[in-house]
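Notes follow once the structure below has been shown.
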Amino acid sequence: MDVIHLSAECYPVAKVGGLGDVVGALPKYLRSAGINASVVLPYYDRKFVQENEFYEIYSSVATAGGKTFEYKVLKEKTGKLGFDLYLIYIHGLLDRKEIYSYPDEIKQFISYQVSFLDWINQSEKKPDIIHCHDHHTGLVPFLMSHSGLYRDLAMIPTVCTIHNGQYQGWLGWDKVAYLPPVDLDKAGLLDWNNCINSLAASVKCCWSFTTVSPTYLEELSINSNGLEKLFEMEKGKGTGIINGIDTGVWNPENDPMVFQNYTAETVDEGKKENKKRLCEQFGLDETKPLVAFIGRLVGEKGAELLPELIDSCLKSYAGKMSFIILGSGEAEVETELQKTALKHKKHCGLYIGYDEELSHRIYAGADFLIMPSRVEPCGLNQLYAVRYGTMPVVHKTGGLSDTVIDLSDPGGYGITFDKLETGEMVKAIGRALETYAGSNQMASFRKKMMALDFSWDRSAKEYINLYKRLIKLHAI
Ligand code: NHF
């Protein structure tokens with residue numbers, strides 16, 4: 001079975017968040033389960049692309065927005081990622097450093113989608129499934145069915161995975177000219193609230209959509225930035241599949257980025273050494289329990305709640321713990337956190353920015369990971385945390401509800417709280433401190449967490465079952 005994944009991100013080529021991690025890992029696991037999965041990305045002028053060899057497999061001209069442009073398809077030479085990687089190159093448009101935030105982003109992603117379709121349309125061997133991720137690839141299912149240019153693709157099953165329904169790829173109807181000729185009778189499929197909505201079009205036109213956790217599928221009908229009714233109507237073709245983690249990359253036993261490797265057997269000594277070195281770096285007291293936050297400093301992740309939480313915890317628990325924060329995001333949140341770190345120099349370490357190595361070191365050295373997310377479609381950080389024996393303390397929402405079992409429940413290994421209020425979160429941290437102080441408790445929870453299986457094997461199987469079901473439908 002040939003499956004092509006389309007995405008704006010794919011680790012280690014281009015990653016901003018969890019989308020990159022998923023698209024960098026899932027195809028590998030599909031491959032080891034016998035599926036010929038590959039990834040087609042826009043070309044980016046970034047480290048991985050500069051340092052690896054690619055060769056041209058196809059070039060042609062396509063039209064979008066009444067303009068004809070030349071595009072090339074490049075293939076990575078060695079297959080070292082564990083799957084075939086293709087990049088779509090367009091001079092002056094798909095040859096940039098950053099992934100997002102260009103003023104002509106609309107043109108950038110439409111040209112990417114159109115070039116992909118143009119290439120596959122002429123290719124003799126068609127894929128069995130086209131799997132689109134998030135709104136940047138959301139117009140593909142519509143164009144496959146409703147543009148005369150791609151008639152040959154109309155019967156290929158499409159899957160659309162929603163990693164984050166808050167961002168939808170809106171464009172005004174004045175931008176319809178950017179698209180190739182489409183059947184305008186079907187324009188309603190592109191529309192949501194009087195504008196073209198790429199994510200809505202994808203959900204309407206794909207054969208099946210998935211969300212990255214079952215709870216998130218439910219939540220989208222209640223809170224999805226205006227698409228609630230659509231998700232309510234289309235729920236029947238949706239499935240929630242929990243993400244996995246790449247256990248090859250995230251493995252404390254041989255992770256080259258951490259200070260000292262460890263296994264479930266040696267977790268206590270390993271964590272002690274990692275914490276010591278991390279605390280040295282940030283001027284923190286290594287004898288205190290260490291609570292970490294890693295992630296984008298934005299409202300969705302509840303990052304603006306951290307300054308008050310840190311103040312309150314240090315007050316309520318007389319400075320008996322330390323915090324460490326890694327991330328970047330909204331300027332105001334960054335400034336507030338900088339003030340907090342300055343005010344509590346001995347108790348709060350802060351790194352504004354994105355640093356893959358430091359994130360691994362924090363998972364290895366911290367005792368707890370706090371996730372006060374407002375919205376969390378799946379969440380990968382809590383999964384990385386348990387893999388490194390770090391206890392997650394999470395708001396019960398989305399994928400966090402599906403993956404973290406509270407200590408008080410059978411099989412529990414984490415701490416959950418229902419409301420995003422400082423008081424509730426302070427209590428949750430209080431429970432963390434009690435657990436830390438309890439003799440031998442922490443040691444057994446760490447072992448328990450490290451034995452959990454959140455690898456991709458299980459989730460990959462669920463995707464394969466879905467692909468098989470769609471291919472059967474195709475045959476009918
Ligand atoms: O895990 C990958 C990630 C999710 O919750 C995460 C998010 C973005 O917000 O699926 O995508």
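The basis for the numbers below is simple: all heavy atoms, side chains too, and nothing from hydrogens, waters or symmetry mates.
- With hydrogens and angles left out, the side-chain atoms of Asn197 and Gln168 include a donor and acceptor closer than 3.5 Å.
- Judged by distance alone, the side chains of Asn36 and Asp2 do bring a donor and an acceptor atom under 3.5 Å apart.
- Among pairs with a residue in residues 216-225, those fulfilling salt bridge (charged side-chain N to carboxylate O under 4.0 Å, His left out) read Glu218-Lys235, at least two apart in sequence or across chains.
- Using modelled atom types, one finds a donor on one side chain and an acceptor on the other under 3.5 Å when comparing Tyr363 with Asn381.
- Annotation: Phe209 is in aromatic contact with Phe231 [ring centroid separation under 6.0 Å].
- Screening Tyr89, Phe116, Phe48 for a ring-ring contact (aromatic ring centres under 6.0 Å, His included) involving Tyr43 leaves a single residue, Tyr89.
- For the residue pair His136/Ser7, the side-chain donor-acceptor check at 3.5 Å is not satisfied.
- At least one donor-acceptor pair closer than 3.5 Å links the side chain of Thr137 to the backbone N or O of His133.
- Centroid-to-centroid, the aromatic rings of His360 and Tyr384 stay 6.0 Å apart or farther.
- Here His135 and Tyr167 keep their ring centres 6.0 angstrom or further from each other.
- Note: His5 and Tyr467 have perpendicular aromatic rings, judged against thresholds of 30 and 60 degrees for the angle between ring planes.
- Side-chain contact, Glu308 with Thr422: a donor N or O sits under 3.5 Å from an acceptor N or O.
- Relative orientation of the His395 and Phe417 rings is parallel, given thresholds of 30° and 60° on the angle between their planes.
- A donor-acceptor pair shorter than 3.5 Å cannot be found between the side chains of Lys229 and Ser221.
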